[in-house]
Colleague: 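Can you read through this structure? Questions will come right after.
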Amino acid sequence: LSEERSRDSPAYRVALERYEFLMRDQLPPERFPIGDVEVLQTAPRERFTALYDAYYRPERATLVAVGDFDVDTLETKIREEFSDWTNPAPDGAEPDLGPVQPRGPEARIVVEPGVQPSLTLAWVAPPTLQPDTAAERRHNFIQYLGFAVLNRRLERLSRAEDPPFVAAGAYRTTTLRAQDVFQISASLQPGRWREALTAMETERRRILEFGVTQAELDREIAEQTAAYQTYVAGAGTRRTPTLADAIVDSVHEDEVFSAPAAEYARFQVFAAEATPA
């Protein structure tokens with residue numbers, strides 16, 4: 001209950017409102033951590049142990065070991081320690097997250113004292129849970145370049161003499177494996193939401209209608225090239241907790257974990273093929 005009270009911040013309440021609006025009639029907004037106060041106060045121990053038995057199971061677990069050790073020796077120790085881990089309870093069913101609802105033009109205003117004024121344009125769609133293939137990574141790379149150009153334009157607007165917003169950015173994400181969200185968000189100057197909305201929508205229409213220039217594309221590829229070169233150069237100095245976390249993330253996202261050099265080589269192929277079209 002103390003944790004529930006400490007989490008109940010203005011930013012948390014705004015985030016919950018956002019999820020409830022964008023994920024209408026879907027399950028995730030109804031399952032926000034830390035749950036309902038009534039459940040915390042009244043749920044019997046059996047409800048918690050039933051959840052644990054259903055989902056905290058060896059077939060759902062991945063153990064990651066990273067470090068300077070003999071692989072065979074460590075594997076033997078892991079087998080000795082975990083091979084007798086069993087769970088006789090039935091496996092829990094995968095939750096039904098619910099379909100993404102068709103949406104028309106809608107608006108929602110959230111008033112929360114103490115929060116930076118912001119504005120978001122969002123489009124939702126069913127999640128594209130594609131396997132992690134080279135073709136899918138190429139598609140995501142091209143999409144990334146488009147967003148990078150758009151974000152560079154928005155950044156330039158925010159640095160103008162009398163900017164319509166403090167900062168703005170556009171991106172696509174798959175939210176909790178339940179929906180895809182494409183959005184442009186901006187932190188606002190007080191009282192200037194109309195100007196910010198006009199600027200955001202203008203840039204969105206501009207890039208859709210006129211595309212990007214070769215110079216813009218070259219700049220973003222150059223930035224990514226420099227970032228990858230730094231990434232490859234530091235491959236041998238990555239800390240083991242960082243590596244372990246990255247591997248766990250790749251398991252969670254159903255992605256192939258790649259060495260920096262392999263990622264850079266793949267990027268170079270994609271970049272060579274990229275055109276403004």
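Values below: every heavy atom of this structure, side chains too, minus hydrogens, waters and symmetry copies.
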Colleague: Does the side chain of Arg153 pick up a donor-acceptor pair with the side chain of Thr202 at under 3.5 Å?
Modeller: no

Colleague: Suppose we screen for salt bridge (charged side-chain N to carboxylate O under 4.0 Å, His left out). Which residues come up paired with Glu136, at least two apart in sequence or across chains?
Modeller: none

Colleague: Salt-bridged, Arg266 to Glu263, with N to O below 4.0 Å?
Modeller: no

Colleague: Please give the remaining members of the hydrophobic cluster of Tyr56, linking ILVMFWY side chains under 4.5 Å, ordered by chain and number.
Modeller: Leu51, Tyr52, Tyr55

Colleague: Do other residues, nucleotides or ligands put more than 12 heavy atoms under 6.0 Å from the CZ atom of Arg239?
Modeller: no

Colleague: Are Leu129 and Leu97 linked, directly or through intermediate hydrophobic residues, by side-chain heavy-atom contacts shorter than 4.5 Å (ILVMFWY only)?
Modeller: no

Colleague: Partners of Ser185 by side chain to side chain contact (heavy atoms under 4.5 Å, CB included), sequence neighbours excluded?
Modeller: Thr120, Gln183

Colleague: Less than 6.0 angstrom separating the ring centers of Tyr228 and Phe267, yes or no?
Modeller: yes

Colleague: Does any N or O in the side chain of Gln189 come within less than 3.5 Å of the main-chain N or O of Phe165, such that one atom is a donor and the other an acceptor?
Modeller: no

Colleague: Would you say Glu155 and Asn151 are linked by a side-chain donor-acceptor pair, where the criterion is simply a distance under 3.5 Å?
Modeller: no

Colleague: Side-chain donor-acceptor pair under 3.5 Å between Glu220 and Tyr144, yes or no?
Modeller: no

Colleague: Does the ring of Phe21 carry Arg103 above it, NZ/CZ under 6.0 angstrom from centre and within 45° of its axis?
Modeller: yes

Colleague: Would you check, one step at a time, whether the test ring-ring contact (aromatic ring centres under 6.0 Å, His included) holds for Tyr231 with Tyr264?
Modeller: CA-CA 9 Å; Tyr231 183 40; Tyr264 183 36; 9.6 Å; no

Colleague: Is there a path of hydrophobic side-chain contacts, each under 4.5 Å between heavy atoms, that joins Leu121 and Leu119?
Modeller: yes

Colleague: Using the rule that Ile, Leu, Val, Met, Phe, Trp and Tyr join whenever any side-chain heavy atoms are under 4.5 Å apart, tell me whether Leu74 and Trp85 fall into a single cluster.
Modeller: yes

Colleague: Are more than 12 heavy atoms, taken from residues, nucleotides or ligands other than Glu161, located less than 6.0 Å from that residue's CD atom?
Modeller: no

